[in-house]
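Proteins get letters first, then strands, A, B, ... in listed order; numbering begins at 1 in each.
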There are 2 protein chains.
Amino acid sequence: MNRKDPRAAGLARLAALIADETRAACLLALLDGRAWTAGELARHCGVAASTLSEHLGKLVAGGLLAEERQGRHRYVRPADARVAQVVEDLASQIAPGAAEPPRTLRQSGAGSAMARGRTCYDHLAGRLGIAVTDALTARGLLRQDTGFALTDAGLRWFGTAGIPLDRRGRRPLARACLDWTERRPHLAGVAGAALCSHALREQWCVRIGSERAVKVTDAGERALSALLGLDAAALR
Amino acid sequence: MNRKDPRAAGLARLAALIADETRAACLLALLDGRAWTAGELARHCGVAASTLSEHLGKLVAGGLLAEERQGRHRYVRPADARVAQVVEDLASQIAPGAAEPPRTLRQSGAGSAMARGRTCYDHLAGRLGIAVTDALTARGLLRQDTGFALTDAGLRWFGTAGIPLDRRGRRPLARACLDWTERRPHLAGVAGAALCSHALREQWCVRIGSERAVKVTDAGERALSALLGLDAAALR
DNA sequence: GGGACACTTCGGTGAACGCCGAAGTGTCCG
DNA sequence: CGGACACTTCGGCGTTCACCGAAGTGTCCC
């Protein structure tokens, strides 16, 4: 296996795509699960549009992003859930070092809103995500002590709650995603995504600002209390 | 969040450590779970000792590797199981592209031995790892359909098999690790590591050559057949 | 003590890469 | 049709970084 291991070359090539600060900022921004335009990302990252255009070219060519052209706009989003998962895993790996205190009051406000509740690509995170995950676990719907899997009761709960789970495809039904503010795992995978999209569709929570932060509504408090015995008022 | 997102900087810094082909080859080599010396890695990668020394310095400073100095040797190994996990996840992410046919007969022989059975950091992989995982699942000891977790019967099985599971610590008991030859998940986490070290200790399987490949012994065939109903002879 | 050995430090070289602004392409809309 | 707009391509600049060999440090063993 001397010199030029194809696996090493592939690993290095993939890591190199993430190894640039501007590209990393793009990937993190795209974890909000929504498609961004090239211009929005350029402003977000503080670089020229031409610079960002080249970065997007590399990320798309490398298979990390998927693009969709609409008129004069170029929308990009993570190519698939696995990409988002790898980025999130990698990012949470270094969370200890990223624990820098917020500078301004405005950032502090945004940060605490993000800590309260946010989306993590396509599922719920922050204290809201943890609270839901813990409630599922306490009710015996999710098993965390021997791994991370829904129980049979959990499967039924999704059915009766009217949240369909697409069990085709290779994506795991339940997966642990390390929460970078709470430092504990929250629910990801098919079930996490279904729960989050249901919550947004039913307006249990709504997005606030342009970031990933979400806030629980009155209807959401009632629903989460009825279905999971969750004191969502504590998340205000 | 304009310009200089500390999270993006951290993510990019971490990815940059993996983004060099020589460092990537080192990390992949160290997934065999054993400590290598700087010289061994230099020969493995085909670079000068001085070059490799600098790479090791960066990987250790970056927290990816832990080092242990013994006399004139410098032994390195992954800093913890999470590092090995991230590297393995990232590597399996690009496995499709790495599917290049082996060139020489010697490489082909080594490749098929690796495909038959190998260690993946501290647990079993390859057809052997998949066979064990599937046997555990078929016997109702491991649940894969709703996530990835041991069942209560599985917990008892480890107890009666005399394989202790250390349930302190934050490392999950059971975790799915995507097998890059089989393209399916095998058992990792505390349970996977305990099973693998038990198998090596009891000589159910032994390492062959200097790589990660392992081969099932006669005693291993008997034990795996008795405990899991596994036809290990098929793995010869 | 002295030589073999493993690793590290240092200076220098060449290539890769991120960045920008300017110019170009394609789309939208009045 | 023509101007505003979003994005892309191009040339050039400066920095970073992997690499090597030579020289240096520390360890082992005869």
Side-chain angles (χ1 to χ4, degrees), chain A residues 2-5 8-30 34-62 64-77, chain B residues 2-5 8-30 34-62 64-77:
Chain A
N2 224 17
R3 198 66 174 151
K4 296 300 163 199
D5 176 354
L11 176 57
R13 206 172 335 113
L14 173 60
L17 285 175
I18 314 176
D20 176 78
E21 183 169 347
T22 301
R23 284 196 297 267
C26 290
L27 290 168
L28 287 174
L30 289 166
R34 288 179 291 187
W36 290 51
T37 66
E40 286 169 342
L41 284 171
R43 277 188 298 278
H44 173 79
C45 298
V47 297
S50 58
T51 301
L52 203 111
S53 177
E54 291 171 355
H55 285 308
L56 289 188
K58 292 182 184 182
L59 289 170
V60 170
L64 289 186
L65 298 186
E67 66 180 356
E68 208 163 326
R69 310 246 178 181
Q70 279 184 19
R72 52 186 170 184
H73 292 284
R74 178 195 208 177
Y75 287 95
V76 289
R77 57 183 165 78
Chain B
N2 226 18
R3 200 64 174 155
K4 296 299 160 199
D5 176 353
L11 176 58
R13 208 173 332 113
L14 173 61
L17 285 175
I18 314 177
D20 176 78
E21 183 170 347
T22 300
R23 284 195 296 269
C26 290
L27 290 168
L28 288 175
L30 289 165
R34 289 179 291 186
W36 291 49
T37 66
E40 286 169 342
L41 284 171
R43 276 189 299 280
H44 174 80
C45 298
V47 297
S50 58
T51 301
L52 204 112
S53 177
E54 290 171 355
H55 285 309
L56 288 188
K58 292 183 185 181
L59 289 170
V60 170
L64 289 186
L65 297 186
E67 67 182 353
E68 208 165 325
R69 309 245 178 181
Q70 278 182 20
R72 52 187 169 182
H73 292 283
R74 179 194 207 178
Y75 287 95
V76 289
R77 57 183 165 77

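Closest to the A/Glu54 side chain, of the nucleotides D/dC10, C/dA4, D/dC20, is D/dC10. Among C/dC10, C/dT27, C/dT8, the nucleotide with an atom closest to any side-chain atom of B/Ser53 is C/dT8. Nearest nucleotide to the A/Ser50 side chain, out of C/dT8, C/dG21, C/dG18: C/dG21.
Using a 4.0 Å heavy-atom distance criterion, B/Ala38 is classed as a sugar-phosphate-only contact. A/Ala48 comes within 4.0 angstrom of the backbone, heavy atoms only, and of no base.
In terms of position on DNA chain C, the residue among A/Gln70 and A/Ala16 whose nearest nucleotide sits closer to the 5' end is A/Ala16.
For D/dA18, one of the phosphate oxygens OP1 or OP2 lies less than 4.0 angstrom from a side-chain nitrogen or oxygen of B/Lys58. Under 4.0 angstrom from either OP1 or OP2 of D/dC19 there lies at least one side-chain N or O belonging to B/Thr22. Considering only side-chain N and O atoms, B/His55 lies under 4.0 angstrom from the phosphate OP1 or OP2 of D/dC19. The side chain of A/Arg74 places no N or O atom within less than 4.0 Å of a non-bridging phosphate oxygen (OP1 or OP2) of C/dG26. The side chain of B/Arg23 contributes an N or O atom lying less than 4.0 Å from OP1 or OP2 of D/dA18. OP1 and OP2 of C/dT25 both lie 4.0 Å or more from every side-chain N or O belonging to A/Arg69. Residue A/Thr51 places at least one side-chain N or O closer than 4.0 Å to OP1 or OP2 of C/dC20.
Separating the NE2 atom of B/His73 from the P atom of C/dC7 is a distance of 6 Å, rounded to the nearest angstrom. Rounded to an integer number of Å, the gap from CZ of A/Arg72 to C1' of D/dA6 is 7 Å. When rounded to the nearest whole Å, the span between CD of A/Glu21 and P of C/dG18 equals 12 Å. Between the CG atom of B/Leu52 and the C1' atom of D/dC19 there is a distance of 12 Å, rounded to whole Å. B/Leu59 has its CG atom 16 Å from the C1' atom of C/dC7, to the nearest Å. When the P atom of D/dC19 is taken as reference, atom CG of B/Leu41 falls 13 Å away, rounded to whole Å. When the P atom of C/dC5 is taken as reference, atom CD of B/Glu40 falls 16 Å away, rounded to whole Å. Distance, B/Asp20 CG to C/dC17 C1': 14 Å, rounded to whole Å.
The OG1 atom of A/Thr51 lies 13.0 Å from the CG atom of A/Leu41; values are rounded to the nearest 0.5 Å. In this structure, CD on B/Glu40 lies 7.0 Å from OH on B/Tyr75, to the nearest 0.5 angstrom. Distance CD/B/Glu21 to SG/B/Cys45: 9.0 Å, rounded to 0.5 Å. For the atom pair NZ (B/Lys58) and OG (B/Ser53), the distance works out to 11.5 Å, reported to the nearest 0.5 Å.
Test A/Glu67, A/Arg72, A/His73 against A/Arg69 for side chain to side chain contact (heavy atoms under 4.5 Å, CB included) and you get one pass: A/Glu67.
The heavy-atom pair separating A/Leu59 from A/Leu17 by the smallest distance is CD2-O, 3.9 Å. Annotation for A/Leu30 and A/Val76: closest pair CD2-O, 3.4 Å, computed over non-hydrogen atoms. Nearest heavy atom pair, residue A/Ala24 against residue B/Leu11, reads CB-CD2, 4.0 Å.
Taking five base pairs at each end of the helix from C/dG1-D/dC30 to C/dG30-D/dC1 and finding the rotation axis that steps the C1' atoms of four pairs onto the next four gives two axes whose angle is 30°, to the nearest 10°.
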